[in-house]
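A quick note: this is a predicted structure, and the numbers were derived from the prediction, not measured. Sequence lines set the chain letters: A, B, ... in the order given, protein chains first and strands last, and positions in each chain run from 1.
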2 protein chains.
Amino acid sequence: MTAAHDLRQNQLLAALPSEDLERVSKNLKLVELPLGEALYESGSRQRAVYFPTSAIVSLLYTLADGSSVEIAVVGNEGIIGVSLFMGGETTPSRAVVQSAGYAYRWSGKFLKEEFTLGGPMQHLLLRYTQALLTQMAQTAVCNRHHSVDQQLCRWLLLSLDRLVGNELVMTQELIANMLGVRREGVTEAAGNLQSAGLIRYSRGRITVLDRPGLEARTCECYAVVKKEFDRLLPAMTQY
Amino acid sequence: MTAAHDLRQNQLLAALPSEDLERVSKNLKLVELPLGEALYESGSRQRAVYFPTSAIVSLLYTLADGSSVEIAVVGNEGIIGVSLFMGGETTPSRAVVQSAGYAYRWSGKFLKEEFTLGGPMQHLLLRYTQALLTQMAQTAVCNRHHSVDQQLCRWLLLSLDRLVGNELVMTQELIANMLGVRREGVTEAAGNLQSAGLIRYSRGRITVLDRPGLEARTCECYAVVKKEFDRLLPAMTQY
DNA sequence: CCACTTATGTCCGATATCGTACACACTTCA
DNA sequence: TGAAGTGTGTACGATATCGGACATAAGTGG
């Protein structure tokens, strides 16, 4: 499961030419991201970015009344902390570890130095940010027009794409926070999917039994986002 | 109303140091944007970006079934076509003129040349893009948690901020497309606001009577977005 | 083995929005 | 002046989700 840690387990790093990766790697530090850890809070100054290898991180917005929504999810295809190189330093969102794992941490200082070189790293970061824009926009659309059932399918697929295996460790309560619906709503939606034989649910453990089934049941939003990621960040090293 | 056209009517251009603006201005061309014109369609290759001066442009997502949602609105504080400098060339969204007016058009070729210089223009464009990210994210949250009444208030305020005067030319049908709700839903919400004395509605013409009242009635989403824009793009020239 | 906590399932009325149908008012133009 | 088109108001049942209360079930630790 945990093979030797390799920078190239993150697809952005993997897409860098060797010499760039070499230069950058000096300042990357492998860190463990436990479930629930907040990499940054709303409005707090960010000091580093993270390239996940096995962890999955949710970008969340929390409203004044405590209700929240996930606006994007980041795994080994991306980076957490785009506001550091976009120039804003902070964002109103929070970043919370949704699935424990590892990531490479990169200090903001070195990130900015590298970014200003205008080389492949800059290019990759900007393209990734555009993919993130798409994911957020599609989330907005999905929140407006699609049912909880469909959104749960989308969410499961997005998570699945960022994991090895077909099992997620995740309670319905947490999923409800991500989707911005009630916990009971997730129970019902999950029950529907389970009845249909697409997943198996057991106390904080979801096993996906029929991935094509999920894809058939979800809304177009999943495909749009996936296609856009593939287009913008293509042909990465596989392992 | 239509004073002499000036590059600095767009806040991004206004924020450029004179020498940069001078260099850039050679390739800017004033264009008129009529109501309803699409600056680009979903997935189509973009050839230029636009700096609105008096026009307002909506970024829309349209689903396969024809339903749509506005994910962001751009006026004289911003630029249309971020995917050109982000590197993706296209996006799945559409850009439609919501309020007729003028904009400066800048060819993608020159834009990219300027962007790679890494100067003030790059800096501004990236910060604006981060503000756009915030607007999209907040739209996603708002779509999930807030009532049509509140969203209409938010939408009116966002539009008002980008206009001179307190009157919008806009049918309920079009607003419904923006908000992703039924036209009847807008009729009802607008009726509520009119009863409360906040607006006056008459056949495609909305007059805002009580702006503070709208601000009191809308959700926090408006303030979050506005605050973030002010933080990221501060101290622009006023006129 | 027994409390205790956590996770999930179920039920019910309340509410917001939807979908549809249709009426009315204003404008334009023949 | 009358017809057509467009924009808005209203009504009503259908549906999805909410809000809250509560029941059940699985794990945990004494």
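- In this structure, the separation between CG on A:N166 and CD1 on A:I199 is 11.5 Å, given to the nearest 0.5 Å.
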Exercise for the section: Take B:L233 and B:R127 through the side chain to side chain contact (heavy atoms under 4.5 Å, CB included) test and state the conclusion after the steps. Expected result: CA-CA 7 Å; B:L233 309 164; B:R127 286 181 81 95; 4.1 Å; yes
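- For residues 152-164 of chain B, the side chain to side chain donor-acceptor pair (under 3.5 Å) pairs, not counting sequence neighbours, are B:E70-B:W155, B:E77-B:R162, B:Q98-B:S159, B:D161-B:R211, B:D161-B:Y222.
- Nearest nucleotide to the A:R203 side chain, out of C:dT27, C:dC18, D:dA26: D:dA26.
- Ring geometry for A:F229 against A:Y128 counts as perpendicular: the plane angle is over 60°, on a 0 to 90° scale with 30° as the lower cut.
- One atom, CD of A:E173, and another, P of C:dT5, lie 17 Å apart when rounded to the nearest Å.
- Atom CG in A:L152 sits roughly 15 Å away from atom C1' in D:dT17 (whole-Å rounding).
- B:S147 comes within 4.0 angstrom of the backbone, heavy atoms only, and of no base.
- A 4.5 Å side-chain heavy-atom check between B:R217 and B:N192 finds at least one atom pair inside the cut-off.
- Minimum interatomic distance between B:Y40 and B:S44 (heavy atoms only, all atoms of both residues): CB-OG, 3.9 Å.
- Nucleotide C:dT17 holds its P atom 12 Å from the NE2 atom of B:H146, rounded to whole Å.
- Residue contacts for A:G204: at a heavy-atom cut-off of 4.0 Å it reaches the sugar-phosphate backbone alone, with no base atom in range.
- Using a distance-only test at 3.5 Å, with no hydrogens or angles considered, no donor-acceptor pair links the side chain of B:R94 to the main chain of B:E41.
- For B:N192 and D:dT8, the CG to P distance is 16 Å, given to the nearest whole Å.
- Distance B:M170 CE to D:dT6 P: 17 Å, rounded to the nearest Å.
- A side chain to side chain contact (heavy atoms under 4.5 Å, CB included) with A:V31 is found for exactly one of A:Y50, A:Y104, A:Y102, namely A:Y50.
- Between the CZ atom of B:R205 and the P atom of D:dG7 there is a distance of 13 Å, rounded to whole Å.
- At whole-Å resolution of the value, CG in B:L179 and P in C:dT17 are 11 Å apart.
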What does the list of N/O pairs under 3.5 Å between the protein and nucleotides 9-13 of chain D look like, with a distance for each?
| unit_1 | atom_1 | unit_2 | atom_2 | d |
| --- | --- | --- | --- | --- |
| D:dG9 | OP2 | B:Q172 | NE2 | 3.1 |
| D:dG9 | N7 | B:R183 | NH1 | 3.0 |
| D:dG9 | O6 | B:R183 | NH2 | 2.9 |

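- With no hydrogens or angles considered, no side-chain donor-acceptor pair links A:Q9 and A:N76 at under 3.5 Å.
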Show the distances under 3.5 angstrom between N or O atoms of the protein and N or O atoms of nucleotides 28-30 of chain D.
none

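- Between B:H145 atom NE2 and D:dG19 atom C1' the separation is 15 Å, expressed in whole Å.
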